[in-house]
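Here the structure comes first, spelled out in structure tokens, and everything after it is commentary.
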Number of protein chains: 2
Amino acid sequence: VSDPDETEIAVIFTSGRTDVDPIGYAAAAARMEELAARQPGYLGIESARSDDGVGITVSYWASEEAAVAWKQHAEHLAVQAEGRERWYDWYRVRVAGVTRRYTYDRAHVASPDDTPG
Amino acid sequence: VSDPDETEIAVIFTSGRTDVDPIGYAAAAARMEELAARQPGYLGIESARSDDGVGITVSYWASEEAAVAWKQHAEHLAVQAEGRERWYDWYRVRVAGVTRRYTYDRAHVASPDDTPG
């Protein structure tokens with residue numbers, strides 16, 4: 001991490017969708033992204049889902065406490081339960097502390113910050 | 001993590017594709033997944049890409065050293081360079097140590113291992 005004092009917690013959520021209720025699922029997913037972004041310690045979110053129904057969402061938090069508070073947010077808990085009942089065949093969640101980061105952006109730099117390791 | 005002695009390093013690779021060379025890209029991606037799986041310390045890989053071209057791949061490793069060795073694998077380095085030249089508009093890589101994990105699987109259990117926090 002560029003500033004080693006700057007904690008970044010990644011919550012990696014990998015899931016397989018059922019084919020149930022795509023409209024309700026999409027609405028809930030959008031609502032959760034919007035709600036997460038308003039929580040204390042929120043740093044960002046990245047999400048992708050393939051046509052085969054496998055998706056990965058990674059949310060980033062300034063502390064473990066912030067990540068736990070979001071997991072336990074009342075509206076989020078209700079959506080998690082609905083997810084298990086209807087939307088997901090399976091999911092895996094991993095919580096991880098970021099130790100290194102590097103990026104490449106064609107528009108802004110010709111070469112990446114290619115830190116060894 | 002279920003066994004706290006069991007290190008798991010997650011390498012989170014988020015990227016935006018150019019629209020260049022989809023066939024070459026798909027072949028290289030498949031080859032890299034196959035090659036990664038044969039490296040020492042490889043634990044697994046998860047990947048999703050949305051129709052808008054944003055993708056997330058997370059690979060899991062038994063140690064930091066294993067993750068670094070894969071990053072520096074000669075064939076992988078060549079593909080990384082080709083990725084910057086042709087396939088990616090941008091990417092972000094984060095290396096993170098997994099501290100907690102829980103899962104849900106409709107087929108095997110009715111309720112998740114819903115560890116508080």
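Sequence lines set the chain letters: A, B, ... in the order given, protein chains first and strands last, and positions in each chain run from 1. For clarity, every value in this text was computed on a predicted model and none was experimentally measured. Values reported hereafter were calculated over all heavy atoms of this structure, with side chains retained and with hydrogens, waters and symmetry mates removed.
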Subject >> Point-to-point distance, once rounded to the nearest 0.5 Å, from CG of Asp89(A) to OH of Tyr104(B) >> reply: 8.0 Å

Subject >> Donor-acceptor under 3.5 Å (Arg101(A) side chain, Arg92(B) main chain) >> reply: no

Subject >> Min side-chain heavy-atom separation Lys71(A)-Tyr102(B) under 4.5 Å >> reply: yes

Original post:
So if you build clusters from Ile, Leu, Val, Met, Phe, Trp, Tyr with side-chain heavy-atom gaps below 4.5 Å, do Ile9(A) and Ile12(B) land together?
Top reply: no

Original post:
What distance separates Thr99(B) OG1 from Glu64(A) CD, expressed to the nearest 0.5 Å?
Top reply: 4.5 Å

Subject >> Verify same cluster id: Tyr25(A), Val93(A) (apolar side-chain graph, 4.5 Å) >> reply: yes

Subject >> same_hphob_cluster(Trp70(A), Val11(A)) at 4.5 Å side-chain heavy-atom cutoff >> reply: yes

Original post:
Just checking heavy atoms, which of residues 42-63 of chain B are less than 4.5 Å from chain A?
Top reply: Glu46(B), Ser47(B), Ala48(B), Arg49(B), Ser50(B), Asp51(B), Val54(B), Gly55(B), Ile56(B), Val58(B), Tyr60(B)

